[in-house]
Protein chains: 2
Amino acid sequence: MALTPVEAVACCLPLNREPLSQEAAERIVPMLKALADPVRLRLLSLVASHEGGEACVCDLNDAFELSQPTISHHLKVLHGAGLLEREKRGVWVYYRSSPSAMSSLAALISDTTT
Amino acid sequence: MALTPVEAVACCLPLNREPLSQEAAERIVPMLKALADPVRLRLLSLVASHEGGEACVCDLNDAFELSQPTISHHLKVLHGAGLLEREKRGVWVYYRSSPSAMSSLAALISDTTT
DNA sequence: CATAGCCATCGACACCTGTCAATATCGACG
DNA sequence: CGTCGATATTGACAGGTGTCGATGGCTATG
């Protein structure tokens with residue numbers, strides 16, 4: 001136990017290789033839930049496509065017509081799922097995308113029959 | 001408009017190439033929402049890993065300790081998201097996985113910086 | 001036509017989730 | 001130390017979602 005979501009995904013075979021166990025599914029789902037919201041998907045894309053793969057919260061707030069607590073909440077969900085890393089520098093907080101998390105997820109979903 | 005979820009995903013650049021627009025995000029999210037449930041993730045894995053990439057509903061019902069309407073509901077969600085195709089053969093209904101949908105999603109998520 | 005079996009739909013309920021306003025925390029700077 | 005600005009947390013609320021029992025539609029078979 002105490003596996004991070006990313007670790008839970010990284011050790012799984014692709015979906016079409018063998019039936020996923022209930023335990024594995026429940027460990028993986030938090031990452032997919034984190035992605036399954038339009039605001040969070042855009043936040044992740046904003047950070048991942050930003051210069052250096054990181055972005056300041058202040059910039060992210062300005063990109064949406066949503067309250068600051070709402071953006072903070074979504075960033076927390078993405079961070080909790082292991083999709084974003086967090087670093088505080090002075091007064092500002094920077095979020096950085098996690099390529100390993102993304103590629104693990106992609107490997108889980110990707111087709112392996114070809 | 002009237003794009004299927006799969007078409008909406010297939011024409012998108014990877015998340016880390018450029019910020020996702022709100023419209024694109026909202027079109028993609030239904031597929032991710034469909035995946036973001038442990039029962040549906042296992043259902044998809046069961047079908048995708050099954051011989052021939054298809055499985056009968058009767059087999060899927062037996063794999064879970066859930067009511068038949070609940071499984072039917074989850075299959076409908078996966079079908080609506082374009083992740084499963086549906087075919088009725090006589091009394092039985094078969095669901096088949098959609099490799100193109102899966103690989104489109106994987107391409108969206110996968111890292112392209114390496 | 002009657003029955004039986006497979007699957008879908010409906011209606012109801014408890015629970016989860018996205019959002020906001022208000023407030024707290026924390027670091028920088030006079 | 002007091003203030004200000006950047007983020008996070010809390011509490012509350014509306015709407016969404018997973019589950020079930022009951023029921024309906026369809027198809028094969030007597």
Side-chain angles (χ1 to χ4, degrees), chain A residues 5 20 22-23 25-47 50 54-81 83-96, chain B residues 5 20 22-23 25-47 50 54-81 83-96:
Chain A
L20 210 59
Q22 180 176 350
E23 297 73 29
E26 286 172 352
R27 285 194 307 252
I28 294 169
V29 153
M31 285 186 75
L32 291 166
K33 272 184 166 21
L35 279 181
D37 177 276
V39 174
R40 288 197 291 268
L41 198 58
R42 291 181 63 201
L43 276 170
L44 185 63
S45 176
L46 268 174
V47 173
H50 201 269
E54 71 174 22
C56 174
V57 173
C58 52
D59 297 329
L60 301 174
N61 277 324
D62 295 346
F64 297 84
E65 295 196 346
L66 290 170
S67 70
Q68 174 266 321
T70 296
I71 300 299
S72 183
H73 162 70
H74 286 309
L75 288 171
K76 184 179 183 176
V77 172
L78 287 166
H79 176 59
L83 292 166
L84 287 182
E85 293 162 14
R86 201 185 104 103
E87 185 183 351
K88 190 164 184 177
R89 292 211 287 269
V91 184
W92 294 278
V93 172
Y94 290 80
Y95 282 90
R96 197 168 37 246
Chain B
L20 210 59
Q22 181 175 348
E23 297 73 30
E26 285 172 353
R27 285 193 309 251
I28 294 169
V29 153
M31 285 187 73
L32 291 167
K33 270 183 167 21
L35 279 181
D37 176 276
V39 174
R40 288 196 291 267
L41 197 60
R42 291 181 63 200
L43 277 170
L44 184 64
S45 176
L46 269 174
V47 172
H50 201 269
E54 71 175 22
C56 174
V57 173
C58 52
D59 296 329
L60 301 175
N61 277 325
D62 295 344
F64 297 83
E65 296 196 347
L66 291 170
S67 70
Q68 174 265 323
T70 297
I71 300 298
S72 184
H73 163 69
H74 285 309
L75 289 171
K76 183 179 183 178
V77 172
L78 287 166
H79 177 60
L83 292 167
L84 287 183
E85 292 162 15
R86 203 186 103 103
E87 186 184 350
K88 187 166 185 175
R89 292 210 286 268
V91 185
W92 292 278
V93 173
Y94 290 78
Y95 281 91
R96 196 168 37 248

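Residue numbering restarts at 1 for every chain, and letters A, B, ... go by the order of the sequence lines. Treat the numbers as computed from the prediction; the structure is a model and nothing was measured.
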Colleague: If you check every side-chain atom of Leu66(A), which of dT17(C), dA8(C), dT19(C) has the closest atom?
Modeller: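 The closest nucleotide is dT19(C).
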Colleague: Are the side chains of Phe64(B) and His74(B) in touch, meaning some heavy atoms are under 4.5 Å apart?
Modeller: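 Contact flag for Phe64(B)/His74(B) side chains = no.
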Colleague: Under 4.0 Å, counting only non-hydrogen atoms across every strand here, what does Leu75(B) touch: a base, just sugar-phosphate, or nothing?
Modeller: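 No contact at all - Leu75(B) keeps every heavy atom at 4.0 Å or more from the nucleic acid.
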Colleague: In terms of the nearest nucleotide of DNA chain C, which residue is placed more toward the 5' end: His74(A) or Trp92(B)?
Modeller: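 This one resolves to Trp92(B).
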Colleague: Contact class for His73(A) (heavy atom, under 4.0 Å): base, sugar-phosphate, or nothing?
Modeller: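 Base contact.
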Colleague: Taking 4.0 Å as the cut-off, does a side-chain nitrogen or oxygen of Arg86(B) come that near to OP1 or OP2 on dC7(C)?
Modeller: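 Checking Arg86(B) against dC7(C): no side-chain N or O falls below 4.0 Å of OP1 or OP2.
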Colleague: How close or far is atom P of dG18(C) from atom CZ of Arg42(A), stated in whole angstroms?
Modeller: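 After rounding, the reported distance stands at 16 Å.
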Colleague: Using heavy atoms to find the nearest nucleotide of DNA chain C for Asp37(A) and Ser72(B) separately, return the residue whose nucleotide is more 5′.
Modeller: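 Between the two, 5'-proximity favours Ser72(B).
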Colleague: State, to 0.1 Å, how close Leu83(B) and Ala34(B) come at their nearest heavy-atom pair, and which atoms those are.
Modeller: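 Nearest heavy atoms, Leu83(B) then Ala34(B): CD1-CB, 4.0 Å.
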Colleague: Is Ser67(A) close enough to dC20(C) that one of its side-chain N or O atoms is under 4.0 Å from OP1 or OP2 there?
Modeller: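 For dC20(C), OP1 or OP2 has a side-chain N or O of Ser67(A) closer than 4.0 Å.
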Colleague: In whole angstrom, what separates Gln22(B)'s CD from dG18(C)'s P?
Modeller: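 To the nearest whole Å, that distance equals 16 Å.
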Colleague: At a heavy-atom distance below 4.0 Å, which nucleotide of DNA chain D is the first touched by chain A, and which is the last?
Modeller: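 So the contact region on DNA chain D extends dA6(D) to dT9(D).
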Colleague: Within the structure shown, what part of the strands sits under 4.0 Å from Tyr95(B) by heavy-atom distance: base, sugar-phosphate, or nothing?
Modeller: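 Sugar-phosphate contact only - Tyr95(B) comes under 4.0 Å of backbone atoms but never of a base.
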Colleague: Identify the two heavy atoms, one from Ala25(B) and one from Arg42(A), that lie closest to each other, and give their separation to 0.1 Å.
Modeller: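 Shortest heavy-atom separation between Ala25(B) and Arg42(A) comes out as CB-CG, 3.5 Å.
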Colleague: Going from CG on Leu35(B) to CD1 on Ile28(A), what distance comes out if it is rounded to the nearest 0.5 angstrom?
Modeller: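 Reported to 0.5 Å precision, the distance equals 10.5 Å.
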Colleague: Just to be sure I understand the rule, does Arg89(B) reach a base, reach only the sugar-phosphate, or reach nothing, if contact means heavy atoms closer than 4.0 Å?
Modeller: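 No contact.
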Colleague: Look at the side-chain N and O atoms of Thr70(A) and state whether any lies under 4.0 Å from the OP1 or OP2 oxygen of dC20(C).
Modeller: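 Yes, such a contact exists.
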Colleague: Please pick, from dA28(C), dC7(C), dT19(C), the nucleotide with the shortest atom-to-atom distance to any side-chain atom of Val91(A).
Modeller: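 Ranking dA28(C), dC7(C), dT19(C) by closest atom to the Val91(A) side chain puts dA28(C) first.
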